Amino acid sequence: SVTSYMIMVLRKDELEVQLKDEHQLIQDGVLRDDSPLDVSEEFSKLCDACRRGDLKACQEAITSGVNINARDIFDYTPLILVRRSI
């Protein structure tokens, strides 16, 4: 069986309104930001380890509780950094 998906394309102004509304809901605590900006030293060390492909340092950072879904100032998550280093 074939499943069809309908993709809705928004105009730029509609997208901007939707993003603004979503940002407000995150600020109000209604929604959770799944990839928050993290400028902590611990997250920075994880990102550096991902860039180098240092599996041991990555495991240590994850075990210590660093949010692997966060993003850096360049909007990269650790997973993206690992992929870019391959």
Side-chain angles (χ1 to χ4, degrees):
S1 119
V2 175
T3 304
S4 63
Y5 295 94
M6 183 175 184
I7 299 174
M8 190 170 95
V9 178
L10 299 175
R11 293 186 331 256
K12 182 180 181 218
D13 63 317
E14 293 172 326
L15 181 60
E16 288 172 344
V17 168
Q18 187 174 355
L19 289 172
K20 182 179 179 258
D21 291 346
E22 181 179 285
H23 181 69
Q24 187 61 50
L25 290 171
I26 290 169
Q27 284 185 331
D28 293 345
V30 176
L31 293 179
R32 188 184 81 186
D33 188 356
D34 290 329
S35 299
L37 175 64
D38 190 339
V39 293
S40 69
E41 184 176 341
E42 295 81 12
F43 184 73
S44 184
K45 287 179 182 179
L46 172 61
C47 289
D48 290 341
C50 289
R51 285 184 191 94
R52 292 190 314 272
D54 185 344
L55 182 59
K56 183 179 179 193
C58 289
Q59 289 174 330
E60 289 171 355
I62 293 167
T63 301
S64 74
V66 175
N67 182 358
I68 62 169
N69 294 313
R71 58 185 168 79
D72 66 10
I73 60 171
F74 303 106
D75 209 29
Y76 291 132
T77 63
L79 183 59
I80 292 170
L81 293 171
V82 167
R83 177 63 183 108
R84 289 178 52 98
S85 71
I86 296 176

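Fair warning: this is a prediction, and the values are worked out from it, not measured in the lab.
- Minimum heavy-atom separation, Pro78 to Ala70: CD-O, 3.5 Å.
- Taken to the nearest 0.5 Å, the CG atom of Leu81 stands 8.5 Å off from the CG atom of Leu46.
- Screening Arg84, Arg83, Arg71 for a side chain to side chain donor-acceptor pair (under 3.5 Å) with Tyr76, the sole residue that qualifies is Arg84.
- In this structure, OG in Ser40 is found 11.0 Å from CG in Asp72, a value given to the nearest 0.5 Å.
- In this structure, the side chains of Phe43 and Asn67 stay at 4.5 Å or more apart for every pair of heavy atoms.
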Item checked: Intermediate values then yes/no, salt bridge (Lys or Arg N to Asp or Glu O under 4.0 Å), Glu16 and Lys20 -> CA-CA 6 Å; Glu16 288 172 344; Lys20 182 179 179 258; over 6 Å; no
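- Tracing side-chain contacts under 4.5 Å through hydrophobic residues (I, L, V, M, F, W, Y), one reaches Ile80 starting from Ile73; they form part of the same cluster.
- Contacts classified as salt bridge (charged side-chain N to carboxylate O under 4.0 Å, His left out) and involving residues 38-49 (residues at least two apart or in different chains) are given here: Glu41-Lys45, Asp48-Arg51.
- How far CD1 of Ile68 is from OG1 of Thr77: 9.0 Å, rounded to the nearest 0.5 Å.
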